[in-house]
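Have a look at the structure below before the remarks.
The sequence lines fix the lettering, A, B, ..., with proteins before strands; numbering per chain opens at 1. No experiment lies behind these values; they were computed from the predicted model shown.
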Protein chains: 2
Amino acid sequence: MRAVAVIPGKENSAHLREVPDPAPNEREARVRVVEAGIDGTDREINAGLYGEAPEGESFLILGYEALGRVEAVGAEVGEVSPGDWVVPTVRRPDGCPNCRLGEVDMCLWGKYKERGIKQRHGFFSDDFVERPEYLIKIPEALRSVAVLLEPLSVAEKAIRQAFRIQRRMYWAPVKALVLGGGPIGLLSMLLCRLRDLETYVYDRDVPGSATARRVEETGAAFLSAQEQSVPDLARRVGRFDLIIESTGNSRVAFDAVCLVGNNGVLSLLGIYGGDRTLEVTAECIGLKLVLGNHLIFGSVNAHWTDFEAGLNDIDRVEQRWPGWLAKLITRRLPFDRFQEGMTKEKDDIKTLLEINPAV
Amino acid sequence: MRAVAVIPGKENSAHLREVPDPAPNEREARVRVVEAGIDGTDREINAGLYGEAPEGESFLILGYEALGRVEAVGAEVGEVSPGDWVVPTVRRPDGCPNCRLGEVDMCLWGKYKERGIKQRHGFFSDDFVERPEYLIKIPEALRSVAVLLEPLSVAEKAIRQAFRIQRRMYWAPVKALVLGGGPIGLLSMLLCRLRDLETYVYDRDVPGSATARRVEETGAAFLSAQEQSVPDLARRVGRFDLIIESTGNSRVAFDAVCLVGNNGVLSLLGIYGGDRTLEVTAECIGLKLVLGNHLIFGSVNAHWTDFEAGLNDIDRVEQRWPGWLAKLITRRLPFDRFQEGMTKEKDDIKTLLEINPAV
């Protein structure tokens, strides 16, 4: 079968290759990939920043956002059937206490594997095999936007964790800020708007851009980095009860600490890598962070219940803002033109690879 | 009556003055102060760094750690009686939703008042009046160390909040680090040791010092800043599940972020004021904070239940390490020698003012 793979650590190594068809065992299903989303992490793996091949192999098949259709199931699989639409989850457990409890997104030992990222092949291929507990069944009616479920699950986890953490007190957030208007940012915004929070999205794009229009269509406000810095926001808009940082820019992340209001929460979703050095003022973590009971947490990946919550929320979004989710899909590329997807174009929000669109 | 007061904002303004005896109304008790602890915040207020006088007054009576004895109660007070030993709490509510729920330590509006700190006189005086809901009754048997209850309550809150926050997942911390060996640090250590955590205390003092001995007497390990930097600790001791930062040094606080282990929690208790600028590496909040689900929170003040929990823990500590708590009280000064307490001496852990020791 066809697959798009990289040589981990090697810059711009993404290539189409022929690999053996995967054969499911009696506890696995074989899934035909219909379409798959390209995300920043795919591009960073292709830039050689991270990514690990499965043990004993030299290449890693990319891709962790996919929609597919079950083709065949092993003799012991009753949970899914041929013809079912499915979205796979990404992480696989390592046997730590949290993983054993099904909380692989809270893995303690850090030896988890991730499809398309870390020691397991991903979904940029004609087919993949997987155990049914890692497949989320998709109702036919939501099939057209279900490829967005994986990035949505990341936003669902961050916000679920924020609320779960804050059960430590009475917490009724009013104002939310999302930093970054990429797919994770826009989907986080959506979850804030579904809760009717007064929501702001800060992005480097300009007012009137596609991103700005998507923001405003949900009743959120668009704040352009061209017009104000992150520290400016405190003066112009005030402080926030909930902040989701999705830019992955460490300067933005540090500056966001100063925007948290009393009892507020900042969730960091970006990967702030490298040994870049920043100047920060001590005041940033100063009087306010402690006296205001502020909280900052890193959130990664998602629990399978976040995929289920995401499905439910897709349904609610389709009713409240019909057609909005589909507009996030700004580019569709045939599988053999995957290279074009490895760079982000202007006004591009989510690029899909159409791997087997006719299924 | 006698009182030690400052002129807020004026450096070294602490002075003994004569003030009118406070008269309790029908819902208040009058308490004779037996002894009171001097803490870093008292010294910082005396340095002019903060502190606010009650409305319409030019001075602020200092002091927020006190043990007293009820002298008289108003007609409607049934909760305490003359002769009861009591420790007062510090914060007074502002009517925000959290304050209305009794969670003044989680005040949302930030307009709370604090006795001895912010718009309410403190306890460095012969007497004070207070409503009974802000008085914690002390059993006679614990009277000798009960003046430590207020700083202990701050440690209780931080650790209670850490555990409460982490109910969001399976969390069984093994290794704890306390940064700073002052009273709050040592009391935090004690709570970690009561939970039998493998506990480390990092302090600028030298091995063999009084602080180091107090640490080692509880089975915790003393790590001297003379021998290693904070970043060294990751290499020498590994990462930690729970870190309590009590130094108030912003450099230490930032460096501590890099010591948090997977699913770990860093609680900041210091006041990291000023406009000091720090260089930090982005990596500090980088891969690990997000990929490891790390969490950082500021914790301030304490709920009245933290005082009650503290009383219970004083009892447990007295049984497990008899006499240990009393050794934290390293200096006792007659009231009129309060000036000596305004500077910290070598090997000084907790200095008390003996205001009415004969009561």
Proximity breakdown for B:Cys96 and chain A, heavy-atom pairs closer than 4.5 Å: neither
Sidechain-backbone polar pair: B:Glu245 side chain, B:Thr247 backbone, donor-acceptor under 3.5 Å: yes
NZ/NE/NH1/NH2 to OD/OE distance under 4.0 Å, B:Asp105 and B:Lys157: yes
B:Asn263, part contacting chain A, at a heavy-atom distance under 4.5 Å: side chain
Part of B:Arg100 within contact of chain A (heavy atom distance under 4.5 Å): neither
Heavy-atom donor-acceptor pair, B:Arg239 side chain to B:Val260 backbone, under 3.5 Å: yes
Expected output: side-chain B:Ser267 to main-chain B:Ala158 donor-acceptor under 3.5 Å: no
Exam field: side chain A:Asn98 to backbone B:Tyr170, donor-acceptor pair closer than 3.5 Å: yes
Short side-chain to backbone donor-acceptor contact, B:Asp313 and B:Gly310, under 3.5 Å: no
CG-CD1 distance between B:Leu187 and B:Ile244, expressed to the nearest 0.5 angstrom: 11.5 Å
Portion of B:Leu108 that has a non-hydrogen atom of chain A nearer than 4.5 angstrom: both
Separation of A:Met189 CE from A:Ile184 CD1 (nearest 0.5 Å): 13.0 Å
Interface residue of largest heavy-atom contact number with chain A, from B:Met169, B:Arg168, B:Arg164, under 4.5 Å: B:Arg168
Chain B interface, residue from A:Arg251, A:Arg167, A:Gln166, A:Gln161 that has the most non-hydrogen pairs under 4.5 Å: A:Gln161
Test item: side-chain donor near acceptor, B:Tyr64 and B:Asp39, under 3.5 Å: yes
Row check, A:Tyr134 ring normal vs A:Arg92 NZ/CZ: under 6.0 Å, within 45°: yes
Interface residues of residues 297-304 of chain A facing chain B - heavy atom cut-off under 4.5 Å: A:Phe297, A:Gly298, A:Ser299, A:Val300
Note, B:Ile45 side chain near B:Thr41 side chain (heavy atom, < 4.5 Å): yes
Interface residues of residues 171-178 of chain B facing chain A - non-hydrogen atoms under 4.5 Å apart: none
Residue part contacting chain A, namely of B:Leu266, when any heavy atom lies under 4.5 Å: neither
Lys/Arg N to Asp/Glu carboxylate O, B:Glu52 vs B:Lys118, below 4.0 Å: no
Straight-line distance of A:Asp203 CG to A:Leu179 CG, nearest 0.5 Å: 9.5 Å
